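One structure is given below, encoded as structure tokens.
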There are 2 protein chains.
Amino acid sequence: MRFEPVKKVNSYEIIVDQIEEGIREGRLHPGDRLPGERKLMETFSVSRPTVREAMRVLHATGVVSSRAGDPRGAEILPFTPQALERPLARMTHQHGTTRAELLQFRLLLEGQASLLAAAADPGEAKQRISACAAALDDLAHRAGAAGAGAATDLATEFGELLSGFHSSIRAASGNQLLQVTGQAVDEALTTVARQRLGEEEDVPALRARLRRSAEDAAILTQRIRDGDTGGARRTATENIYRFYKDRLSDLELKALSPLVG
Amino acid sequence: MRFEPVKKVNSYEIIVDQIEEGIREGRLHPGDRLPGERKLMETFSVSRPTVREAMRVLHATGVVSSRAGDPRGAEILPFTPQALERPLARMTHQHGTTRAELLQFRLLLEGQASLLAAAADPGEAKQRISACAAALDDLAHRAGAAGAGAATDLATEFGELLSGFHSSIRAASGNQLLQVTGQAVDEALTTVARQRLGEEEDVPALRARLRRSAEDAAILTQRIRDGDTGGARRTATENIYRFYKDRLSDLELKALSPLVG
DNA sequence: CCTCGTCAGCTGGTCAGACCAGTACAGGGA
DNA sequence: TCCCTGTACTGGTCTGACCAGCTGACGAGG
């Protein structure tokens, strides 16, 4: 006979589980309202602090939102990628995850996202990719012609457009997991690594890089529109690899190289 | 002049942020102990319920663990993949993520993990892959010869070994993000989809599938040991694809096919 | 000397009751 | 009709209390 270790279940966990189960099973939908705390303490037969601890957990994990004074009670929120970012960021910092691993994972995801996007049926999602690529191209021309604006502003706008381009590819892949995970990794990288990358860069170099990225994006877009799955994957990984090539250590590049080509 | 929207920060969030920041910046390490709640309410100048709400959040997200009566206070935990499983599972259920997407994501991750494992230097991690493949082979032979045991027991042991095999590959990839994400998706799939898959299966069919999986694992192991990155990726995806081929709808298979080969 | 049961002093878990600031909404004033 | 205000709630926070459980020290027994 086998025994099981005694696991004590705190009261708040029971409440959290019941509410999350209600959401999972479709009895509670985003936008629905939970009863007030004083009502909940009756239905669960616990005191208000216990109810509050449960609500705190649901609040902190992005399941519900509540405002003081709102007589409609806490609102059930739709899922957000942000819910994944917290643990991802924690893992990155605490678990000894290096920047190289983060980049490697990103390269891997973007490559597969491009492949799936190429395999997907043409439609609105693919048009958004083209629009994002066009916006990048537009910025590249504007920056080259006018030459106005500080380097940091240009770099920021550039980064946002590039991020949006990749986001549109992930969206076109048709896989929400890929989409959300990619977004979380993307933002984690922004937070973690941006300060050490591309800070000290003069304007001409930035413009050159911008032009190159715009061209790369155009090529990748074409591959995806052509439905060239293998080519899209290869182009996406090569683009990102080249993007980082001059600014990473040999050790970090070595981690990325197996995924290229 | 630009104004910012008023964001009300609850007291507990300040405490949570401070503790998480301490962990991020290396002032608090896993295994360290936090002061008791009554001590914390002094240092943060708040009441005990507020401290408790903060501790609840940290407890629920797997950052700390606490037991009643322990005078050493709450313990800071190391990061666990389980922290990602919660939001992943929630996303799967609530955000309309289908089983096809989950499988697609898994196929994608396992393929890339095998590629990276093949690219990695030989070492202890690769030996563990061989050991897991050998264990699968052993079970296949034992099941074929003795024929004892119920089908469910056999299926359970089979599933655990196969899961361990894939886990060892992810570990050998050298990327913790890949490892953790893969594990989370794996377990999410187990929870979500197992009841609808492989339930009604007779023993001979199960044995045949077991033998096939053991052979597949052996081939994949060889590719990884040979350092054949492309071959490892292809073999891994094909194996998983064939594993599911007879038990999924055409629509689901169509989602997987772009990743195969 | 070592082992083991006992017990005090703490811990976290839970409760009851209270006050305050903030919100929604109905009803009265313009 | 519109705006304003009051009211009756809400959640946020605090105080104070009790209980069950753990740890570690102490002392009885070997």
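Note that the structure is predicted; figures quoted are calculated from it, not measured. The chains referred to below are lettered A, B, ... by the order of the sequence lines, with proteins before strands, and numbering in each begins at 1. Quick note: numbers below take in every heavy atom, side chains included, and nothing from hydrogens, waters or symmetry partners.
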**Complete:** Sequence neighbours excluded, the answer for side-chain hydrogen bond (donor to acceptor under 3.5 Å, both in side chains) partners of B:Ser130 is B:Arg225
**Request:** Check the surroundings of atom CD in A:Glu124: do more than 12 heavy atoms from other residues, nucleotides or ligands lie under 6.0 Å from it?
**Result:** no
**Complete:** Sequence neighbours excluded, the answer for salt bridge (Lys or Arg N to Asp or Glu O under 4.0 Å) partners of B:Glu20 is A:Arg86
**Request:** Calculate, to the nearest 0.5 Å, the distance between atoms OG and CG belonging to B:Ser163 and B:Leu189 respectively.
**Result:** 11.0 Å
**Message:** Test: salt bridge (charged side-chain N to carboxylate O under 4.0 Å, His left out). Region: residues 65-82 of chain B. Which pairs qualify, not counting sequence neighbours?
**Reply:** B:Arg33-B:Asp70, B:Arg33-B:Glu75, B:Arg67-B:Asp70, B:Asp70-B:Arg72
**Nucleotide interval of DNA chain C bounded by contacts with chain B (heavy-atom cut-off, under 4.0 Å)** = C:dT11 to C:dT14
**Request:** Kindly assign one of parallel, tilted or perpendicular to the pair B:Phe243 and B:Phe158, based on the angle between their ring planes and the thresholds 30° and 60°.
**Result:** tilted
**Request:** May I ask you to list the residues of residues 51-61 of chain A, by number, that have any heavy atom positioned under 4.0 Å from an atom of DNA chain C?
**Result:** none
**Asked** How would you list, by chain and number, every residue that makes a side-chain hydrogen bond (donor to acceptor under 3.5 Å, both in side chains) with B:Gln104, sequence neighbours excluded?
**Response** A:Asn175
**Message:** Please enumerate all residues that pass side-chain hydrogen bond (donor to acceptor under 3.5 Å, both in side chains) together with B:Gln183, with sequence neighbours excluded.
**Reply:** B:Glu187
**Message:** List the residues meeting salt bridge (Lys or Arg N to Asp or Glu O under 4.0 Å) with A:Arg128, not counting sequence neighbours, and say none if there are none.
**Reply:** none
**Request:** Both distances under 3.5 Å, Watson-Crick or G-U wobble: on that basis, could you give the dot-bracket string for DNA chain C, with [ ] for crossing pairs and | for other-strand partners?
**Result:** ||||||||||||||||||||||||||||||
**Residue list, side-chain hydrogen bond (donor to acceptor under 3.5 Å, both in side chains) with A:Arg38, at least two apart or on another chain** = none
**Fill in**
Atom CD of B:Glu37 and atom C1' of D:dG16 are separated, to the nearest Å, by 15 Å
**Request:** Could you run through nucleotides 17-22 of chain D and give me one letter per nucleotide, 5' to 3': B if any protein heavy atom sits under 4.0 Å from the base, S if only the sugar-phosphate is that close, - if neither?
**Result:** B---BB
**Asked** Mind checking whether A:Thr181 and A:Phe105 have side chains closer than 4.5 Å, heavy atoms only?
**Response** yes
**Request:** For B:Glu21, enumerate each residue passing the salt bridge (Lys or Arg N to Asp or Glu O under 4.0 Å) test, keeping only those at least two apart in sequence or located in another chain.
**Result:** none
